[in-house]
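All chains are named by letter (A, B, ...) in the order of the sequence lines, taking the proteins before the strands, and each is independently numbered beginning at 1. Predicted model, so just to flag it, every value in this text is computed and none were measured.
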2 protein chains.
Amino acid sequence: MPQKISENIQDYLKRIYEFTLSGGRASTNQLAQALGISAASVTNMVQKLSKTEPPYLTYEKHQGVKLTAFGQQAALKIIRRHRLIEIYLVEKLGYTWDEVHAEAEILEHAMSSLLEKRIDAALDHPKFDPHGDPIPDINLEIPEIEQTALSSLKIGNKGHVLRVPNEDPQVLRYLGKFGIRPGAHIKLISRTPYDQTMRIKITETGNEAIIGPSLGKKISIAKDS
Amino acid sequence: MPQKISENIQDYLKRIYEFTLSGGRASTNQLAQALGISAASVTNMVQKLSKTEPPYLTYEKHQGVKLTAFGQQAALKIIRRHRLIEIYLVEKLGYTWDEVHAEAEILEHAMSSLLEKRIDAALDHPKFDPHGDPIPDINLEIPEIEQTALSSLKIGNKGHVLRVPNEDPQVLRYLGKFGIRPGAHIKLISRTPYDQTMRIKITETGNEAIIGPSLGKKISIAKDS
DNA sequence: ATCAAAAATTAGGCTGACCTAAATTATGAT
DNA sequence: ATCATAATTTAGGTCAGCCTAATTTTTGAT
Ligand SMILES: [Mn+2]
Ligand SMILES: [Mn+2]
Ligand SMILES: [Mn+2]
Ligand SMILES: [Mn+2]
């Protein structure tokens, strides 16, 4: 019997999913920091989640955790709701893309299957959230998309933006100011020698923007021609 | 300092508000039943809520509770959100009026001030929810409306519906089938002698409906001419 | 006025989810 | 290979919000 799953656990699973997207395992400290709680609490919880029937994750002492297929489905369900809410708020209620993440972080836990269906239908089954993250479909399938970090561009290369980091409203407002959003076409103008700061040109707006290397790693693009 | 208020407490305050609308105090058992918890738990909680600074309610042993002005504001805030959600779901997401109460009961706790503002604006500051209940305005003012119970009509009298009970989806579907909804014009055709069952005619649909006395007490109307 | 039944309260526990402090295990620089 | 430091786990709490059982208070029918 899939027991009812608390809001807290939903957030654990979502974080673990995100941290293990590129393979590997999520560490105790990583989760503690992301969830804003102590490492001891995380250890305690993941031990519990590894002993449910069926288990949500596999836990090996000192080796971190990894979701089971069961846990992954649970995570994807929340992620679908989170991203549907984000795009709904932008499309239908006039939110800006820097406002929606915090809101969705709460609403995702209060959303029924029915509301999920209605919102999905109202938006005509959207495929991406406002930050370019893919929305798992009704069967929780999520398309694999070929993507590169902005920071890996060579000078003079062109590309278009696929995905921007969605946590930090300040960053989103900064990016928005220059028109750096999913779909925007960009070209790498220059890179400073020591700290690797990039100057990029955005085709649509004609703007130039300065992007540091750590932010550059978090912006996903597809290379053009 | 108005401490952050848990979802549980929000539900306590809302129930107490409803039970004390017509003056008087809310009893321990009444609340226990409405909240689906034990009477002992209610006693415990209301004692706590009477000792906060400022207190949410006044508690007198064996005499039930009553909201303070402070508690009433807190209750009205949730009620505003509850009713805004209900009307939004009906107007914008194709919900039927029997589906929205359960949904709002959850979403009301997950709604931010910003979302409240946006939904209110999207609906152009609606005054009533789908069941005819008034929505407190942004300042939590709620209009006083003269209303009578349907069951108090005399044979041949006419009136129009102001408010229907919103908890029970089955009842709402039954009423909906005959067109008994806020605004509908009705006329009392007959009343059976012993159990007081009423037969009423709905002008808009031409339907006749059978309404028992306990349901009749929960439907509010205004008498016409 | 009496007293059984109903309502409410008190006492004592439980669970989920968190905490800090102490102990253990892993890691990486020398 | 050693060992200081970092990461993790264990031990022993707290707190909110619920429970049941026992007790006390109120109420209403006689
Ligand atoms: Mn969340
Ligand atoms: Mn997003
Ligand atoms: Mn509620
Ligand atoms: Mn309602």
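- Counting heavy atoms of neighbouring residues, nucleotides and ligands inside a 6.0 Å radius, atom NZ of A:K14 exceeds 12 of them.
- One atom, CD1 of A:I5, and another, C1' of C:dG16, lie 14 Å apart when rounded to the nearest Å.
- Between B:L89 and A:L115 the shortest side-chain heavy-atom distance falls below 4.5 Å.
- The distance between atom OH of A:Y12 and atom C1' of C:dG16, rounded to the nearest whole Å, is 11 Å.
- Within the structure, salt bridge (Lys or Arg N to Asp or Glu O under 4.0 Å) pairs that include any residue of residues 54-65 of chain B comprise B:R25-B:E60 (at least two apart or interchain).
- Side-chain contact between B:L175 and B:I219: present, with at least one pair of heavy atoms (C-beta onward) separated by less than 4.5 Å.
- Reading DNA chain D from its 5' end, the first and the last nucleotide to sit under 4.0 Å from a heavy atom of chain A are D:dA7 to D:dT10.
- Of the residues in residues 18-30 of chain A, A:S27, A:T28, A:N29 come within less than 4.0 Å of DNA chain D through at least one heavy atom, sorted by number.
- When rounded to the nearest whole Å, the span between CD1 of A:I37 and P of C:dC18 equals 5 Å.
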Intermediate values then yes/no, side chain to side chain donor-acceptor pair (under 3.5 Å), B:D98 and B:T96 = CA-CA 5 Å; B:D98 58 297; B:T96 53; 2.7 Å; yes

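- B:Q33 has its CD atom 15 Å from the P atom of C:dA6, to the nearest Å.
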Candidate pair B:S27 and B:N29, rule side chain to side chain donor-acceptor pair (under 3.5 Å), full reasoning = CA-CA 6 Å; B:S27 78; B:N29 271 354; over 6 Å; no

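- Atom P of nucleotide C:dC19 and atom CE of A:M45 are separated by 11 Å, given to the nearest angstrom.
- Smallest separation of non-hydrogen atoms from B:L140 and B:L76: O-CD1, 3.5 Å.
- Here A:R81 pairs with A:E116 in a salt bridge; the nearest charged N to carboxylate O distance falls below 4.0 Å.
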Listing, residues 128-135 of chain B side-chain donor-acceptor contacts under 3.5 Å, not counting sequence neighbours, or none:
from: B:D129; atom 1: OD1; to: B:H131; atom 2: N; distance (Å): 2.7
from: B:D129; atom 1: OD1; to: B:G132; atom 2: N; distance (Å): 3.0
from: B:D129; atom 1: OD1; to: B:D133; atom 2: N; distance (Å): 3.0
from: B:H131; atom 1: ND1; to: B:E86; atom 2: OE1; distance (Å): 3.1
from: B:H131; atom 1: NE2; to: B:W97; atom 2: O; distance (Å): 2.9
from: B:D133; atom 1: OD1; to: B:R163; atom 2: NH1; distance (Å): 3.3
from: B:D133; atom 1: OD2; to: B:N166; atom 2: ND2; distance (Å): 3.0

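- For the pair A:I9 and A:Q63, both in contact range of DNA chain C, the more 5′-proximal nearest nucleotide belongs to A:I9.
- Atom CD of A:Q33 sits in a sparse spot, with 12 or fewer heavy atoms from other residues, nucleotides or ligands closer than 6.0 Å.
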Quick one: what's the B/S/- string for nucleotides 10-15 of chain C, heavy-atom cutoff under 4.0 Å, read 5' to 3'?
-> B-----

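- Residues forming a side-chain contact (heavy atoms from CB on, under 4.5 Å) with B:M198 (at least two apart in sequence, or on another chain): B:L150, B:S151, B:L188, B:R191, B:I200, B:I211.
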